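All heavy atoms count here, side chains included; hydrogens, waters and symmetry mates do not. In what follows, residues are counted from 1 in the order of the sequence shown. Quick caveat, the model's predicted, so the values are computed rather than measured.
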Amino acid sequence: HLIYTENSPSAECEICYHLYYRRSTDNGSTWSESAEISQGIEGVAKPQILIDAENNLYIVYEKGIGGSYGHLDDPTSVMMVTSNDGGLTWNNPQVISGEVENAKNITIGLDGKGQLVTAWLNTVLDVMEYRVSADQGKSWTEPAPIPGVLGGWSLYNTPLDDYSMVTDSAGVIHFAAVGRTPETKASLSLLHLTWDGVTWSTPNVVVTLTGDAPEWPRLAIGSGNRVHLVWFVRDAAHLWDSDRGLYRVWYAQAISSAPQVKATPLPEYSPTPTSPALVVAFETPTPMPTSTPNPVLQQIPPPSGSIYNETDEVILIALSLIPALLILTGLVIVIRLRQR
């Protein structure tokens, strides 16, 4: 199953990325035609897909004007679109965030009880909210704040962050997000929580940063109980200057209380060799960063315009045409003078 976004310009929205889907039933040798599964003129960003044991597909995403570089202009909402036949047909998208004017960073998980759980950032209140569905997304509980955590929007209002969920072999959902706790509310922390089917755990602070900003965490489960977490850090000196940013990618892992599961062997594939095999040795992993005690993070100033927006591409095209128009104008003048 493949999902992606692509610009679909219209008279109402010149730069609006829509959501598309393709499927392959022969291990990727052939693919279905591309099908748009988002609706309306608005754009889409940051889609995530979940597939349950009955081959139902659930895709969550942000919706708003734009979509290039993963960025949408406000107001935004978080949505879900589903397929109950393995991707052959799709239901109408539904709003997950309710009446909130601005919601971002949605993710989705499936717990051991078969319940769908979605979580996102309510930027109006700067809190992380969630909903639960026990009937494959047909109905949901009312939005509620995740206890013990706050968002990071009031400190760092980047539209380029995201949340992540995975499920271990015990059916426990692991959730990773950048935000704050009552103890670290003046700084940005990378947080890890779990959902056991009924309640959320106390947040575990993986790392707290002063000045620098952690972003875009991603989780994966190995062997049923090994939790792998990656994220990147944007340095404080270039928070709003991406072109000169000094980014670093970090990794951490933990063992959950879930039972270990023997890994499924990868399928054998023996292509005709065309060149000697290349063996690459991995370097020693960078140690996990140490949390900063009693951090103080100053209020970050609003963007200075260095983060891309939806008009940058149009402006760039217009500027690139100016030299050509000047040359063309000069040629027309010369030709007319010679004709005289």
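- Clustering of Ile, Leu, Val, Met, Phe, Trp and Tyr by side-chain heavy atoms under 4.5 Å joins Leu88 with none of the others.
- Looking at Ser223 and Asn225, their side chains never bring a donor and an acceptor atom within 3.5 Å of each other.
- Checking Tyr130, Trp200, Trp195 one by one against Phe175, the ring pair (Phe, Tyr, Trp, His ring centres under 6.0 Å) holds for a single residue, Trp200.
- Residues Leu2, Tyr4, Tyr20 make up the rest of the hydrophobic cluster containing Trp31, defined by ILVMFWY side-chain heavy atoms closer than 4.5 Å, directly or through other members.
- Cluster membership for Met165 and Leu50, using ILVMFWY side-chain heavy atoms within less than 4.5 angstrom, is not shared.
- Two residues are said to be in side-chain contact when any heavy atoms from C-beta on lie closer than 4.5 Å; Pro93 and Tyr61 meet this criterion.
- For the atom pair CG (Leu191) and OG1 (Thr184), the distance works out to 6.5 Å, reported to the nearest 0.5 Å.
- Judged by distance alone, the side chain of Glu62 and the main-chain N or O of Asn105 form a donor-acceptor pair under 3.5 Å.
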List the atom pairs, donor and acceptor, that lie under 3.5 Å between side-chain atoms in residues 37-45 and the rest of the protein, sequence neighbours left out.
unit_1, atom_1, unit_2, atom_2, d
Ser38, OG, Leu19, N, 2.9
Gln39, NE2, Asn92, OD1, 3.0

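- With Ser97 contributing its side chain and Val78 its backbone, the two residues share a donor-acceptor pair below 3.5 Å.
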Decide yes or no on side-chain hydrogen bond (donor to acceptor under 3.5 Å, both in side chains) for Asp162 and Ser164, but give the supporting numbers first.
CA-CA 7 Å; Asp162 208 9; Ser164 181; over 6 Å; no
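- A 4.5 Å side-chain heavy-atom check between Leu190 and Leu229 finds at least one atom pair inside the cut-off.
- Here the side chain of Thr181 pairs no donor or acceptor atom with the backbone of Val149 at under 3.5 angstrom.
- Checking side-chain atoms of Ser187 against main-chain N and O of Thr210 turns up no donor-acceptor pair under 3.5 Å.
- Note that OG1 of Thr25 is 10.0 Å distant from NE2 of His1, once rounded to the nearest 0.5 Å.
- The one candidate from Val100, Ile96, Leu121 that meets the side-chain contact (heavy atoms from CB on, under 4.5 Å) condition with Glu129 is Val100.
- A salt bridge is absent between Asp235 and Arg248: the closest approach of a Lys/Arg side-chain nitrogen to an acidic carboxylate oxygen does not fall below 4.0 angstrom.
- No side-chain heavy atom of Leu57 sits less than 4.5 Å from a side-chain heavy atom of Thr82.
- Placement of Trp140 and Leu110 within a single hydrophobic cluster is found when ILVMFWY residues are connected by side-chain heavy-atom separations under 4.5 Å, directly or transitively.
- Taking a cutoff of 4.0 Å between a charged side-chain nitrogen and a carboxylate oxygen, Asp126 and Arg180 qualify as a salt bridge.
- Within the 3.5 Å criterion, the main-chain N or O of Val172 finds no donor-acceptor partner in the side chain of Thr167.
- Counting heavy-atom neighbours within 6.0 Å of Asp135 CG, excluding the residue itself, gives a total above 12.
- For the pair Trp231 and Val206, the tightest heavy-atom approach, listed with the atom from each and the gap, is CH2-CG1, 4.1 Å.
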Please report the C-alpha distance between Asp26 and Ser24 in whole Å, then the side-chain angles of each, then the deciding distance to 0.1 Å, and finally whether the side-chain hydrogen bond (donor to acceptor under 3.5 Å, both in side chains) criterion is met.
CA-CA 6 Å; Asp26 53 11; Ser24 173; 2.9 Å; yes
side-chain hydrogen bond (donor to acceptor under 3.5 Å, both in side chains) between Thr107 and Gln48, worked out
CA-CA 7 Å; Thr107 187; Gln48 295 186 27; 2.8 Å; yes
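- Of all non-hydrogen atoms in Gly211 and Leu239, the two that sit nearest each other are O-CD1, 4.0 Å.
- Note: Cys16 SG to Ile65 CD1 = 4.0 Å, rounded to the nearest 0.5 Å.
- Interatomic distance, His238 NE2 to Arg244 CZ, rounded to the nearest 0.5 Å: 6.5 Å.
- Put simply, the side chain of Asn122 never gets that close to the backbone of Met128: no donor and acceptor are under 3.5 Å apart.
- Shortest non-hydrogen contact noted between Lys104 and Thr76 is NZ-OG1, 3.3 Å.
- In terms of modelled atom types and a separation under 3.5 Å, the side chain of Gln94 and the main chain of Gly137 share a donor-acceptor contact.
- Cluster annotation: Met80 and Tyr163 are assigned to distinct hydrophobic clusters (Ile/Leu/Val/Met/Phe/Trp/Tyr, side-chain heavy-atom contacts under 4.5 Å, transitive).
- Rounding to the nearest 0.5 Å places SG of Cys13 at 7.5 Å from CG of Asn7.
- A donor-acceptor distance shorter than 3.5 angstrom exists from the side chain of Thr141 to the backbone of Val132, with no hydrogens or angles considered.
- Here the side chain of Arg23 pairs a donor or acceptor atom with the backbone of Gly86 at under 3.5 angstrom.
- Closest heavy-atom contact between Tyr156 and Leu188: CB-CD1, 3.8 Å.
- One finds the CD atom of Gln115 at 12.5 Å from the CD atom of Gln136 (value rounded to the nearest 0.5 Å).
- The local environment of NZ in Lys138 is crowded, with over 12 non-hydrogen atoms from other residues, nucleotides or ligands closer than 6.0 Å.
- Looking at Thr123 and Asn157, their side chains never come closer than 4.5 Å, going by heavy atoms from C-beta outward.
- Between the side chain of Asp168 and the backbone N or O of Gly224 there is no donor-acceptor pair closer than 3.5 Å.
- Linking ILVMFWY side-chain heavy atoms closer than 4.5 Å, directly or via other members, places Val261 and Ile221 in two distinct hydrophobic clusters.
- You'll find the side chain of Val178 reaches within 4.5 Å of the side chain of Pro217, heavy atoms only.
- Considering every non-hydrogen atom in both His174 and Ser256, the closest pair reads CE1-CB, 3.9 Å.
- When the side chains of ILVMFWY residues are joined at heavy-atom separations under 4.5 Å, either directly or via intervening members, Val207 and Leu219 end up in a single hydrophobic cluster.
- Counting all heavy atoms, side chain and backbone alike, Asn91 lies closest to Val81 at O-CG2, 3.2 Å.
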